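Everything below concerns the one structure shown next.
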There are 2 protein chains.
Amino acid sequence: MDTENVHCCGSFSERANLDKWIERLQSTGMKLTAPRQAILEYLHNQSHPITNREIYNGISNDCDLASVYRSISLFIKIGFVQQFDFGDGIARFELVEPGSHSHHHHIICNVCSKVIELDHCFPDSLSETIAKHTGFTQITHKLEFFGLCSNCK
Amino acid sequence: MDTENVHCCGSFSERANLDKWIERLQSTGMKLTAPRQAILEYLHNQSHPITNREIYNGISNDCDLASVYRSISLFIKIGFVQQFDFGDGIARFELVEPGSHSHHHHIICNVCSKVIELDHCFPDSLSETIAKHTGFTQITHKLEFFGLCSNCK
DNA sequence: TTTTAATTGCGAATGCTTTGTAATATGCAT
DNA sequence: ATGCATATTACAAAGCATTCGCAATTAAAA
Ligand SMILES: [Mn+2]
Ligand SMILES: [Mn+2]
Ligand SMILES: [Zn+2]
Ligand SMILES: [Zn+2]
């Protein structure tokens with residue numbers, strides 16, 4: 001198993017991976033502050049979208065809640081983080097490498113809220129059909145699946 | 001043009017259509033109150049999802065805002081209304097005939113918020129693939145499209 | 001080290017939504 | 001039609017995620 005591809009704390013490659021995000025942040029001209037490092041590290045250890053409050057609780061007294069919100073907004077603006085909506089009115093966020101895996105969806109259990117990351121999506125032809133039909137351009141979409149997980153069924 | 005299929009106030013067929021919803025409400029055992037009739041009528045005249053506040057403003061002093069929220073919750077529970085999320089943190093609601101058109105999506109302009117109702121969706125095979133891959137059952141999905149409308153492009 | 005502007009912490013405010021409660025209106029039985 | 005039982009309402013207050021104002025702090029450049 002390649003440790004590069006799993007989210008486990010403490011391995012050398014994970015640390016190097018986190019350092020890449022920190023370098024990337026510095027290269028944008030933004031300041032490298034303690035709260036931003038803590039949030040980046042916490043995000044990096046997650047494998048599913050998490051809420052601002054979860055980040056706040058996860059890094060405890062390292063940072064104010066308002067600063068978590070502000071940092072997350074910044075990370076979204078510079079393309080580090082993507083926002084997802086699981087339908088409960090609480091925004092969730094995930095660190096995404098630019099390019100490759102950035103576009104993806106989730107399936108959420110209606111009972112226990114278990115989340116599985118999905119690679120599946122519909123073909124681009126659907127968006128193209130909708131573009132022709134509506135006259136819209138630059139079409140994107142938000143898509144999340146819901147259901148009963150194997151434990152809850 | 002068939003007046004049965006458009007949302008225009010005052011035609012006989014539209015009135016009959018609204019009456020069906022009122023009968024349906026009575027048949028559930030729920031009380032037929034003035035606020036519920038006003039909300040039902042207002043929803044019925046719309047062709048896109050609308051917010052609780054839009055309903056409240058649309059029926060003005062016929063009903064309190066909290067009662068709009070409570071009525072909409074009821075309508076969702078009994079299957080009259082579906083909730084949609086356009087990504088701005090404000091819930092939107094639409095009256096949907098049971099069965100046929102109940103499952104559908106929208107495309108929303110990122111600039112002017114123009115909405116177009118869509119019949120398009122991806123094939124069930126995608127949900128089935130995801131079911132096999134994740135072990136989830138009873139899979140549903142939320143899907144909305146975004147882009148630039150022909151006016152804003 | 002000094003400077004300077006970005007960033008933070010803290011509190012307050014915002015906006016959508018929910019809830020408690022006494023008053024009211026509906027549907028039903030009389 | 002009248003009275004009754006209770007579902008529903010109006011109103012006010014609270015809840016909760018999120019945003020904002022501002023003085024104090026801090027990172028990065030000079
Ligand atoms: Mn994800
Ligand atoms: Mn619709
Ligand atoms: Zn589950
Ligand atoms: Zn537009």
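What you see is a predicted model; the values in this text were computed from it and never measured.
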So, OP1 or OP2 of C:dT8: does either fall under 4.0 Å of a side-chain N or O from A:T33? yes
So, is A:R36 close to the D:dA27 phosphate, meaning a side-chain N or O under 4.0 Å from OP1 or OP2? no
5′-ward residue of the pair B:L32/B:I90 relative to DNA chain C: B:I90
Side chain of A:L65 only, please: which of D:dT18, C:dC16, D:dC11 is the nearest? D:dT18
Nucleotide of D:dA28, C:dT8, D:dA12 approaching B:A66 most closely (side-chain heavy atoms): D:dA12
Using whole Å, report how far CD of B:Q37 lies from P of D:dT8. 14 Å
Closest nucleotide among C:dT17, D:dA28, D:dT9 to the B:S71 side chain: D:dT9
Contact class for A:A34 (heavy atom, under 4.0 Å): base, sugar-phosphate, or nothing? nothing
The side chain of B:S67 is closest to which nucleotide in this list: C:dT17, D:dT26, D:dA10? D:dA10
Hey, is the side chain of A:R70 pairing donor to acceptor with the base of C:dG9 inside 3.5 Å? yes
A:L74 or B:Y69, whichever maps to the more 5' nucleotide of DNA chain C: A:L74
Parallel, tilted or perpendicular: rings of B:F80 and B:F75 (30°, 60°): parallel
Spacing of B:D64 atom CG relative to C:dT19 atom P, expressed in whole Å: 15 Å
Need one value for A:D62: base, sugar-phosphate or nothing, where a base atom within 4.0 Å counts as base even if backbone is also close, heavy atoms only. sugar-phosphate
As a quick check of understanding, evaluate side-chain contact (heavy atoms from CB on, under 4.5 Å) for B:F93 and B:L95, giving each step before the final call. CA-CA 7 Å; B:F93 308 94; B:L95 203 54; over 6 Å; no
Please determine, by modelled atom types, if B:E94 and B:H106 share a side-chain donor-acceptor pair under 3.5 angstrom. yes
Is it true that A:H141 and B:E144 share a donor-acceptor pair across their side chains at a distance under 3.5 Å? no
Which nucleotide, D:dC11, C:dT8, D:dT6, lies nearest any side-chain atom of B:K31? D:dT6
